[in-house]
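Below is one structure, written out as structure tokens; the observations come after it.
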Amino acid sequence: MSFKSSYTLLKAVDKLSRASEWNLEAVSIKGDLYEEEVELWMRNPLDCIQELMANPTFADSVSFEPQRVFDDDEGRLRQYDEMWTGDWWWEMQGRLPPGAVVAPVILASDKTSLSQFCGDQEVWPVYLTLGNISKDVRCQPSMHASVLLGYLPTTKLECFSEAQHSVEQYCLFHYCMAQILEPLISAGKEGVLVTCPDG
């Protein structure tokens, strides 16, 4: 064995590079019956974008500029198969200064049961990926082109009367998503520097 003790193994693990830090925010919900506090776990989406853009695994599968792809030699029949082949990307790229790159953020979320043997425990993960990554890579779970961005609270909102449950669930969802994605607002207006493997 290359490690003489668990202590030396853990010291080696501590030296490994880390992804962004997790943050915990306590969210207070003032119901019409009583007050409840839930937990919102999240990472900085800019760190997650940096993690994906700088990952050398995707070097051959990432596009940093829009492209026009044609199905015929005359250039009359456009092909739209990746995000960067669409007119939207061309329009957005035209609004940016030279050297800037569009980074379309794609989010996915679905409440998931942990196990049928553990009662009704659920988690509500939020995943982030980028439109810059080829869809063939992005859609393969084994490629890890989606990163875990956060966990939304899975409370049953029993602090509200039955009639309020669905409305308050929507409000809680939107509040939590706004908290998680808040760093993207200024990044979308002012831009952000992302360092890629080639510098």
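- Across all their heavy atoms, Leu148 and Cys48 have their closest contact at O-SG, 4.3 Å.
- Ser63 and Glu82 share no donor-acceptor pair across their side chains, judged by distance under 3.5 Å alone.
- Without hydrogens or angle criteria, Arg43 side chain to Asn23 main chain gives no donor-acceptor distance under 3.5 Å.
- Remark: side-chain polar atoms of Asn132 are not paired, donor with acceptor, to backbone N or O of Val62 under 3.5 angstrom.
- Within the 4.5 Å cutoff, the side chain of Pro104 has no heavy atoms near those of the Trp84 side chain.
- Classification of Lys156 and Glu36 as a salt-bridged pair fails, no side-chain N sitting under 4.0 Å from a carboxylate O.
- With Trp124 as the partner, the side chain to side chain contact (heavy atoms under 4.5 Å, CB included) test is satisfied by one option alone out of Asp110, Thr154, Thr112, Thr155: Thr154.
- Grouping the Ile, Leu, Val, Met, Phe, Trp and Tyr side chains by contacts below 4.5 angstrom, directly or via other members, places Phe173 with Val27.
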Give the intermediate values and the outcome of side chain to side chain contact (heavy atoms under 4.5 Å, CB included) for residues Arg68 and Trp90.
CA-CA 9 Å; Arg68 286 194 172 99; Trp90 283 94; 3.6 Å; yes
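- Around atom OH of Tyr34, more than 12 heavy atoms belonging to other residues, nucleotides or ligands sit under 6.0 Å away.
- Note: Trp22 and Trp41 have perpendicular aromatic rings, judged against thresholds of 30 and 60 degrees for the angle between ring planes.
- At a threshold of 4.0 Å, the pair Asp71-Arg76 does not count as salt-bridged, since none of the basic side-chain nitrogens sits closer than that to a carboxylate oxygen.
- The local environment of OH in Tyr80 is crowded, with over 12 non-hydrogen atoms from other residues, nucleotides or ligands closer than 6.0 Å.
- Leu52 is listed as a side-chain neighbour of Leu128, based on a closest heavy-atom distance under 4.5 Å.
- Side-chain contact check for Ile49 versus Val147: every heavy-atom pair is 4.5 Å or farther apart.
- Counting only distance, with no hydrogens or angles, the side chain of Glu35 and the backbone of Gly31 share no donor-acceptor pair below 3.5 Å.
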Kindly indicate, with the supporting measurements, whether the criterion side chain to side chain contact (heavy atoms under 4.5 Å, CB included) is fulfilled by Glu65 and Val101.
CA-CA 7 Å; Glu65 59 188 10; Val101 174; over 6 Å; no
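- Grouping the Ile, Leu, Val, Met, Phe, Trp and Tyr side chains by contacts below 4.5 angstrom, directly or via other members, places Trp89 with Leu96.
- The shortest side-chain heavy-atom distance between Glu51 and Asn55 does not fall under the 4.5 Å cut-off.
- When atom types are taken as modelled, the side chain of Thr129 and the backbone of Ala145 share a donor-acceptor pair closer than 3.5 angstrom.
- Scanning both residues, Glu168 and Leu157, for their nearest heavy atoms gives C-CD1, 3.7 Å.
- Here the straight-line distance linking atom CZ of Phe3 with atom NZ of Lys11 works out to 13.0 Å at 0.5 Å rounding.
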Could you walk me through whether Met53 and Phe64 pass the side chain to side chain contact (heavy atoms under 4.5 Å, CB included) check?
CA-CA 10 Å; Met53 293 286 259; Phe64 296 103; 3.7 Å; yes
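- Nearest heavy-atom pair across Arg138 and Leu130 is CD-O, 3.3 Å.
- With hydrophobic clusters built from ILVMFWY side chains whose heavy atoms lie under 4.5 angstrom apart, Ile133 does not share a cluster with Val102.
- A donor-acceptor pair is defined here as one N or O able to donate and one able to accept, closer than 3.5 Å; no such pair exists between the side chain of Glu25 and the backbone of Cys176.
- Closest approach of Ile29 to Phe160, counting heavy atoms only: CG2-CE1, 3.4 Å.
- Minimum heavy-atom separation, Leu46 to Pro183: CD1-O, 3.9 Å.
- Between the CG atom of Leu77 and the CZ atom of Phe70 there is a distance of 9.0 Å, given to the nearest 0.5 Å.
- Linking Ile, Leu, Val, Met, Phe, Trp and Tyr residues whenever their side-chain heavy atoms come within less than 4.5 Å places Val123 and Leu24 in a single cluster.
- Residues Ile106 and Leu181 do not share a hydrophobic cluster, clusters being chains of Ile/Leu/Val/Met/Phe/Trp/Tyr side chains in contact below 4.5 Å.
- To the nearest 0.5 Å, the span separating NZ on Lys135 from OG on Ser61 amounts to 12.5 Å.
- To the nearest 0.5 Å, the span separating SG on Cys139 from CE on Met143 amounts to 12.0 Å.
- The environment of CG in Asp60 is sparse: at most 12 heavy-atom neighbours from other residues, nucleotides or ligands sit within 6.0 Å.
- Counting all heavy atoms, side chain and backbone alike, Ser109 lies closest to Val126 at OG-CG2, 3.8 Å.
- Listed by chain and residue number, Gln79 satisfy the side-chain hydrogen bond (donor to acceptor under 3.5 Å, both in side chains) test with Asp81 (two or more places apart in sequence, or in another chain).
- Environment of NZ in Lys111: crowded, with over 12 heavy atoms of neighbouring residues, nucleotides or ligands closer than 6.0 Å.
- The SG atom of Cys171 sits 12.5 Å away from atom OH of Tyr175, with the distance rounded to the nearest 0.5 Å.
- Remark: the backbone N or O of Thr85 is paired with a side-chain donor or acceptor of Arg78 at under 3.5 angstrom.
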Determine, step by step, whether Val137 and Thr57 satisfy the side chain to side chain contact (heavy atoms under 4.5 Å, CB included) criterion, reporting the C-alpha distance in whole Å, the side-chain angles of both residues, the deciding distance to 0.1 Å, and the verdict.
CA-CA 10 Å; Val137 172; Thr57 305; over 6 Å; no
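- For the atom pair CD of Gln164 and CG of Leu33, the computed distance is 9.5 Å after rounding to the nearest 0.5 Å.
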